[in-house]
Amino acid sequence: MTMDTGVALHLDRFYSTESVQAWKQIIGEDLHYHFGYFRGTETLETGLKQTVRNYYPHIPSGSNVLDVGCGWGGPAQLLIAERECTVTGITCSTAQVNYCQSLGLQVWQQNLDQDSRRIPGDYDVIISLEMISHIRDKLSLLHRLRSCGSRLILSESCAADGYSGDRLTFGNSIVLCTVSELVRNLESAGWTIQSMQNRRVYSLRTVLLWQQNFERIYGDSEPPGQLGVLRGLVDTALRSPRGWCQSFPLIDIVAN
């Protein structure tokens, strides 16, 4: 499904303006920029790492992994250290590429929404944590991923089926699909879904911990750039946590 929003956002600039240190103050030293998985009062870093560890049963040790939307390399570093994987990352952000490469990670820069070339390589596992929402033509990207990988681990913030609000969000960088649309796109691209779950409730503590960091660093001041966009999401979610969870499920899918 292609969603024509009429909005052309410069994603590289969106994800490259604020310093790495500014991000570490909010999302943690290991720079996992995704929702965590919490069952109690775990720390932010523990919950963020648990999200990745939940996928370990589907990532054999030593796998050749493609991380689509690798950010600053948090998940990649974990997979290398704990699963002995070989990891290649893709991000649209110049700043993220430079940071990942400074850590010795293999990462290249590509805006997958604008550059439709075939993704090179042949991978045992493709992992993509909360990145597909940035893509307007989600079906096209899922087709391209099908051609270079045997297994797809996908985590995606969606709009609930029947949601009638605005799907263009997060500083106009995200266009949400519904859960049913995501499933149809995956199946149309040739993927067979093996497992699927909504872990939004388990992710909610992430937002609370981000809020605490924002208050500690910025108080009542508006954070700069995309940090301000993230704080807007945090404030919205915490105004009505139950309603936010119901309207915006976080869907984890394993597909072959």
Side-chain angles (χ1 to χ4, degrees), residues 15 18 20-91 93 95-97 99-107 123-133 151-157 195-214 216-217 226-227 230 233-234 237 245 249-254:
Y15 279 101
E18 284 66 55
V20 169
Q21 187 56 42
W23 278 105
K24 285 184 176 182
Q25 291 177 321
I26 304 302
I27 66 174
E29 285 293 321
D30 291 336
L31 292 168
H32 284 257
Y33 195 17
H34 54 78
F35 289 104
Y37 186 93
F38 300 89
R39 289 191 177 274
T41 59
E42 301 97 318
T43 65
L44 178 60
E45 294 281 5
T46 298
L48 294 171
K49 290 178 179 179
Q50 188 58 45
T51 291
V52 181
R53 290 170 176 152
N54 284 346
Y55 305 127
Y56 284 2
H58 309 288
I59 305 174
S61 180
S63 292
N64 185 20
V65 177
L66 177 66
D67 185 354
V68 180
C70 64
W72 290 278
Q77 291 185 85
L78 207 57
L79 289 170
I80 291 168
E82 297 187 352
R83 298 299 285 171
E84 299 180 338
C85 292
T86 300
V87 183
T88 302
I90 306 175
T91 175
S93 165
Q96 291 175 348
V97 168
Y99 181 75
C100 287
Q101 291 179 348
S102 77
L103 299 176
L105 299 175
Q106 181 177 330
V107 174
Y123 302 92
D124 303 312
V125 180
I126 300 169
I127 186 168
S128 185
L129 303 184
E130 301 164 38
M131 175 271 180
I132 298 288
S133 57
R151 172 169 293 166
L152 176 64
I153 297 173
L154 180 70
S155 182
E156 192 53 56
S157 291
S195 65
M196 176 174 165
Q197 65 169 327
N198 176 9
R199 66 174 171 92
R200 176 59 78 198
V201 170
Y202 296 108
S203 79
L204 189 58
R205 180 169 166 79
T206 319
V207 181
L208 177 62
L209 295 173
W210 284 342
Q211 182 196 50
Q212 291 175 0
N213 287 340
F214 276 121
R216 176 174 54 85
I217 300 300
Q226 201 211 148
L227 286 165
L230 179 60
L233 178 147
V234 167
C245 288
L250 179 58
I251 304 301
D252 282 5
I253 290 175
V254 178

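Bear in mind the structure is a predicted one, so any value in this text is a computation, not a measurement.
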Handout entry: Atom pair CG (Asp252) and CD (Gln197), whose distance is rounded to the nearest 0.5 Å
Key = 5.5 Å
Handout entry: Heavy-atom side-chain proximity of Ile251 to Ser155 below 4.5 angstrom
Key = no
Problem - Any donor-acceptor pair under 3.5 Å from Ser61 side chain to Arg83 backbone - result: yes
Exercise for the section: Any chance you could lay out the side-chain contact (heavy atoms from CB on, under 4.5 Å) test for Leu230 and Phe214, step after step, and finish with the verdict? Expected result: CA-CA 10 Å; Leu230 179 60; Phe214 276 121; 4.0 Å; yes
Exercise for the section: Taking atom CD of Gln212 as the centre, report whether more than 12 heavy atoms of other residues, nucleotides or ligands fall under 6.0 Å from it. Expected result: yes
Handout entry: Nearest heavy atoms of Gly73 and Cys100, plus distance in Å
Key = N-SG, 3.6 Å
Exercise for the section: Determine whether Asp67 and Pro75 make a side-chain contact, defined as any pair of heavy atoms from C-beta on separated by less than 4.5 Å. Expected result: yes
Problem - Residues which pass side-chain hydrogen bond (donor to acceptor under 3.5 Å, both in side chains) with Asn213, listed by chain and number, not counting sequence neighbours - result: Arg216
Problem - Glu84, CD atom: more than 12 neighbouring heavy atoms under 6.0 Å - result: no
Handout entry: Phe38 side chain reached by Leu204 side chain, heavy atoms, under 4.5 Å
Key = no
Problem - Donor-acceptor under 3.5 Å (Gln226 side chain, Glu18 main chain) - result: no
Practice task
Check whether any side-chain heavy atom of Leu48 lies under 4.5 Å from a side-chain heavy atom of Tyr33, and answer yes or no.
Solution key: no
Practice task
Determine, step by step, whether Asn64 and Thr86 satisfy the side chain to side chain donor-acceptor pair (under 3.5 Å) criterion, reporting the C-alpha distance in whole Å, the side-chain angles of both residues, the deciding distance to 0.1 Å, and the verdict.
Solution key: CA-CA 5 Å; Asn64 185 20; Thr86 300; 5.2 Å; no
Practice task
Indicate yes or no for a side-chain donor-acceptor contact from Thr51 to the backbone of Phe35 under 3.5 Å, with no hydrogens or angles considered.
Solution key: yes
Practice task
Please report the C-alpha distance between Leu66 and Ile90 in whole Å, then the side-chain angles of each, then the deciding distance to 0.1 Å, and finally whether the side-chain contact (heavy atoms from CB on, under 4.5 Å) criterion is met.
Solution key: CA-CA 8 Å; Leu66 177 66; Ile90 306 175; 3.9 Å; yes
Exercise for the section: Measure from the side-chain N and O atoms of Arg205 to the backbone N and O of Glu42, and report whether any donor-acceptor pair falls under 3.5 Å. Expected result: yes
Completion exercise
Interatomic distance, CZ@Arg39 vs OG1@Thr46, rounded to 0.5 Å, equals 14.5 Å
Exercise for the section: Measure the CD-CG distance between Gln21 and Leu31 for me, rounded to the nearest 0.5 Å. Expected result: 9.0 Å
Problem - Side-chain heavy atoms of Arg151 within contact of Ile126, under 4.5 Å - result: no
Handout entry: Pair Asp30 + Lys49, salt bridge at N-O below 4.0 Å
Key = yes
Handout entry: Test item: Asn198 side-chain N/O and Leu250 main-chain N/O as donor-acceptor pair under 3.5 Å
Key = yes
Handout entry: Distance flag, aromatic centroids of Tyr202 and Tyr37, threshold under 6.0 Å
Key = yes
Practice task
Under the side-chain hydrogen bond (donor to acceptor under 3.5 Å, both in side chains) rule, collect the residues that match up with Arg200, sequence neighbours excluded.
Solution key: Ser157, Ser203
Handout entry: Between Tyr99 and Trp23, ring centroids under 6.0 Å
Key = no
Exercise for the section: For the pair Glu156 (side chain) and Ile132 (backbone), establish whether a donor and an acceptor sit closer than 3.5 Å, ignoring hydrogens and angles. Expected result: yes
Practice task
Verify, without hydrogens or angle tests, whether Glu29 (side chain) and Lys24 (backbone) share a donor-acceptor contact under 3.5 angstrom.
Solution key: no
Exercise for the section: Might you point out which heavy atoms bring Pro60 and Cys85 nearest each other, and give the distance in Å? Expected result: O-SG, 4.2 Å
Practice task
Enumerate the residue pairs fulfilling ring pair (Phe, Tyr, Trp, His ring centres under 6.0 Å) with a member in residues 40-65, sequence neighbours excluded, ordered by first and then second residue.
Solution key: none
Exercise for the section: Mind checking the CD-CD1 spacing from Glu45 to Ile27? Nearest 0.5 Å is all I need. Expected result: 9.0 Å
Practice task
Side-chain contact test, heavy atoms from C-beta onward, threshold under 4.5 Å: evaluate it for Leu227 versus Ile26 and give yes or no.
Solution key: yes
Handout entry: Any side-chain heavy-atom pair of Ile80 and Leu78 under 4.5 Å
Key = no
Practice task
Could you tell me whether Glu130 and Arg199 make a salt bridge, using a distance below 4.0 angstrom between a side-chain N and a carboxylate O?
Solution key: yes
Practice task
Say whether, by atom type as modelled, one donor and one acceptor occur between the side chain of Ser63 and the main chain of Val65 under 3.5 angstrom.
Solution key: no
Problem - Heavy-atom side-chain proximity of Ile153 to Ile253 below 4.5 angstrom - result: no
Completion exercise
Note: Val107 and Gln101 closest approach over all heavy atoms is O-NE2, 3.0 Å
Exercise for the section: Could you tell me which non-hydrogen atom of Cys245 sits nearest to which non-hydrogen atom of Val201, and how far apart they are? Expected result: SG-CA, 4.5 Å
